[in-house]
Each structure stands twice: as C-alpha cells, then as structure tokens.
Visitor: 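I have a structure here, written as structure tokens, and I will follow up with some questions on it.
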Amino acid sequence: MSLPASFFDREADVVARELLGAELQHDTPDGVISGRIVETEAYLGPHDPASHSAVGRTPRTWHMFGPPGTAYVYFIYGMHWCVNAVTREDGYGAAVLIRALEPLRGIEHMRRNRSGIKPRVRPLADRDLCNGPGKLCAALGIDRTRDGASLTGGSPLTIVAGLPAPDHEVLITPRIGISRAVEWPLRFVLSARGKE
DNA sequence: ACGCGGATGGCCT
DNA sequence: GGCCATCCGCGTA
C-alpha cells in the first residue's frame with residue numbers, strides 16, 4: 001500500500017528520516033521498476049535558502065507547493081532529472097529529495113535505462129545503478145511527465161512502506177552539492193545496506 | 001584514492 | 001550572463 005498523504009504532511013526533516021527503508025516504485029511499460037530508499041535530503045521550505053521554494057512559486061517550482069505526497073520532478077545541469085516528495089500542507093513548499101536507492105525490481109531494465117548513447121565496456125554493477133539522484137531517475141525512467149504526480153496512489157509513481165530503519169543505521173550529515181545553508185544537517189543516509 | 005573540468009539547457013536576474 | 005539539489009571520464013599518486 002502507498003504511504004498516505006498524512007505521512008507526508010509533516011516537517012521535511014521528519015519525512016526524510018522516515019522515508020529511509022521505504023520503496024519507490026515506478027510502473028512503466030516494461031513493468032514495475034523499484035528500489036529501497038537509502039539516502040534523502042530535506043528542503044524545509046521558503047525560509048530554507050537552499051530550497052527551490054525560496055525563489056517563490058515559478059513554473060519550475062510549481063509542484064513543490066502542491067499538497068503533501070506530490071512528486072516534484074525538476075531538470076538540472078542540462079541533462080538530469082531529480083525527484084522529490086512534497087511535504088507539509090498544500091501551498092507551503094517543503095520537500096524531500098530522494099538521493100539514492102538500493103535496486104529491488106526491474107534491475108535489467110535499470111541497466112538498459114542507464115546505459116548511455118555509447119556502448120559500455122562492462123555492464124554497470126547493481127550498486128552503481130541508483131546511487132545518485134540523477135542516476136535513480138534515469139534507472140526508473142522518471143522525467144517531467146511525473147512532475148506533479150501523486151505518490152500516494154493512483155499514479156504510476158508511488159512510495160510503499162518498508163522495514164523501518166533503526167537509528168543506529170542512520171547517518172545524518174550536511175546536504176550535498178548546494179552553496180547556501182551548507183552546514184544544516186538535513187541529509188539522511190541508511191548505511192549497513194548497499195551503497196556508499 | 002582522490003581532484004578537476006566538460007557536458008548541456010532551462011530558468012532567474 | 002551566470003548559476004545550478006549532477007554525472008562521468010581523465011589526470012595525478
């Protein structure tokens with residue numbers, strides 16, 4: 001069963017922590033492709049200088065201000081997609097960036113989705129399929145057509161509850177790849193599993 | 001095991 | 001015009 005809207009209707013850092021261990025699923029023409037969430041980052045809202053919502057509601061950031069449990073998918077660096085789960089109430093503007101998955105279902109489709117234009121010498125190892133926010137969107141086939149989709153059921157993209165992550169397996173660090181509010185401890189990593 | 005820079009395009013100032 | 005919530009390949013060690 002998909003996580004309900006009430007799960008996402010909380011502060012982004014709480015949701016980011018609790019999403020660890022849940023399963024992100026994409027229903028595609030090839031079948032379901034999915035992975036266990038092992039890394040997240042919280043973007044708290046308009047007062048968070050690193051958050052896209054700090055710019056206000058523009059065409060790009062539109063769905064970040066949607067209701068809790070909305071997918072906010074954006075395009076970055078001219079070639080990558082990244083997927084977020086919107087948190088807090090409709091109109092607020094907080095979200096959780098999903099940064100890494102442990103591959104679960106549709107692994108051969110992931111490998112094909114992740115192979116670029118040129119042929120690879122060696123096929124990608126499982127651990128390299130989804131260990132980054134751009135990589136996991138490519139692997140699952142997530143792009144702008146999923147921007148604004150509901151993650152709580154009734155759309156091809158959904159998040160299903162998994163085994164809760166115990167505190168001693170959760171690492172909390174500053175967020176990666178940003179230039180503002182660089183010290184805020186809002187990155188959550190589930191270790192003692194695959195990845196990193 | 002690092003560190004660096006190029007790719008690539010949309011959006012905001 | 002410059003800045004990105006990134007990725008990958010190539011350089012030095």
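Side chains included, hydrogens not; waters and symmetry mates left out as well; all remaining heavy atoms used. Lettering follows sequence order; numbering is per chain, from 1.
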Visitor: Nearest of C:dT6, B:dC12, B:dG10 to any side-chain atom of A:Y77?
Guide: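 Nearest to the side-chain atoms of A:Y77, counting from C-beta on, is C:dT6.
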
Visitor: A:K135 has an atom NZ; how far is it from atom P of C:dG9, in whole Å?
Guide: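 Interatomic distance, NZ of A:K135 to P of C:dG9: 10 Å.
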
Visitor: Can a side chain N or O of A:R180 be found less than 4.0 Å away from OP1 or OP2 on C:dC4?
Guide: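 Indeed, a polar side-chain atom of A:R180 lies that close.
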
Visitor: Can you check whether A:R175 reaches A:L97 side chain to side chain, under 4.5 Å on heavy atoms?
Guide: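 Result no, sub-4.5 Å side-chain heavy-atom pair not found.
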
Visitor: Rounded off to whole Å, could you give me the CG-to-P distance for the A:N131 and C:dC7 pair?
Guide: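 To the nearest whole Å, that distance equals 8 Å.
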
Visitor: Side chain of A:I178 only, please: which of B:dC12, C:dC8, C:dA5 is the nearest?
Guide: C:dA5

Visitor: Look at the side-chain N and O atoms of A:H80 and state whether any lies under 4.0 Å from the OP1 or OP2 oxygen of C:dC7.
Guide: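 Answer is no, no contact under 4.0 Å.
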
Visitor: Return no unless some side-chain N or O of A:R99 is found under 4.0 Å from OP1 or OP2 of C:dT6.
Guide: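 Indeed, a polar side-chain atom of A:R99 lies that close.
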
Visitor: Strictly below 4.0 Å, N to O, side chains only: are A:D147 and A:R60 in salt-bridge contact?
Guide: no

Visitor: Dot-bracket for DNA chain C, please, read 5' to 3', with Watson-Crick or G-U wobble pairs under 3.5 Å on both distances, ( ) within the strand, [ ] crossing, | other strand, . unpaired.
Guide: ||||.|||||||.

Visitor: As a test of reading the structure: which of C:dT6, B:dG9, B:dC12 is closest to the side chain of A:P133, going by heavy atoms?
Guide: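 The answer is C:dT6, which lies nearest to the side chain.
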
Visitor: Using whole Å, report how far CG of A:L129 lies from P of C:dC8.
Guide: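 Taking CG of A:L129 and P of C:dC8, I get 11 Å after rounding.
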
Visitor: Select from A:M79 and A:R144 the residue whose nearest nucleotide in DNA chain B is closer to the 5' end of that strand.
Guide: A:M79

Visitor: Measure from the side-chain heavy atoms of A:H52 and tell me the nearest of B:dC12, C:dA5, C:dC7.
Guide: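 Nearest to the side-chain atoms of A:H52, counting from C-beta on, is C:dA5.
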
Visitor: In terms of the angle between their ring planes, are A:Y72 and A:H52 parallel, tilted or perpendicular, with boundaries placed at 30° and 60°?
Guide: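 Rings of A:Y72 and A:H52: perpendicular, as their planes differ by over 60°.
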
Visitor: What is the separation between atom CD1 on A:I76 and atom C1' on B:dG9, rounded to the nearest whole Å?
Guide: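 Interatomic distance, CD1 of A:I76 to C1' of B:dG9: 10 Å.
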
Visitor: Tell me: CG of A:D147 to C1' of B:dG10, nearest whole Å?
Guide: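 Answer to the nearest Å: 14 Å.
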
Visitor: Apply side chain to side chain contact (heavy atoms under 4.5 Å, CB included) to the pair A:T87 and A:V14, showing each step before the final yes or no.
Guide: CA-CA 10 Å; A:T87 80; A:V14 175; over 6 Å; no

Visitor: Distance check: side-chain N/O of A:R60 vs OP1/OP2 of B:dG9, anything under 4.0 Å?
Guide: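 No.
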
Visitor: Stacking between A:Y43 and the base of C:dA5 (centre distance under 5.5 Å, interplanar angle under 30°)?
Guide: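 Ring-base stacking flag set for A:Y43 and C:dA5.
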
Visitor: With a 4.0 Å cutoff (strictly under), does any side-chain N or O of A:S179 reach OP1 or OP2 of C:dC3?
Guide: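 So the side chain of A:S179 is outside the cut-off, no N or O lying under 4.0 Å from OP1 or OP2 of C:dC3.
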
Visitor: Could you state the atom-to-atom distance from CH2 of A:W62 to C1' of B:dG10 in whole Å?
Guide: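 My rounded result for the distance is 18 Å.
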
Visitor: Take A:D128 and A:S53, find for each the nucleotide of DNA chain C with the closest heavy atom, and name the residue whose nucleotide sits nearer the 5' end.
Guide: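 Its nearest nucleotide lies further toward 5', so the answer is A:S53.
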
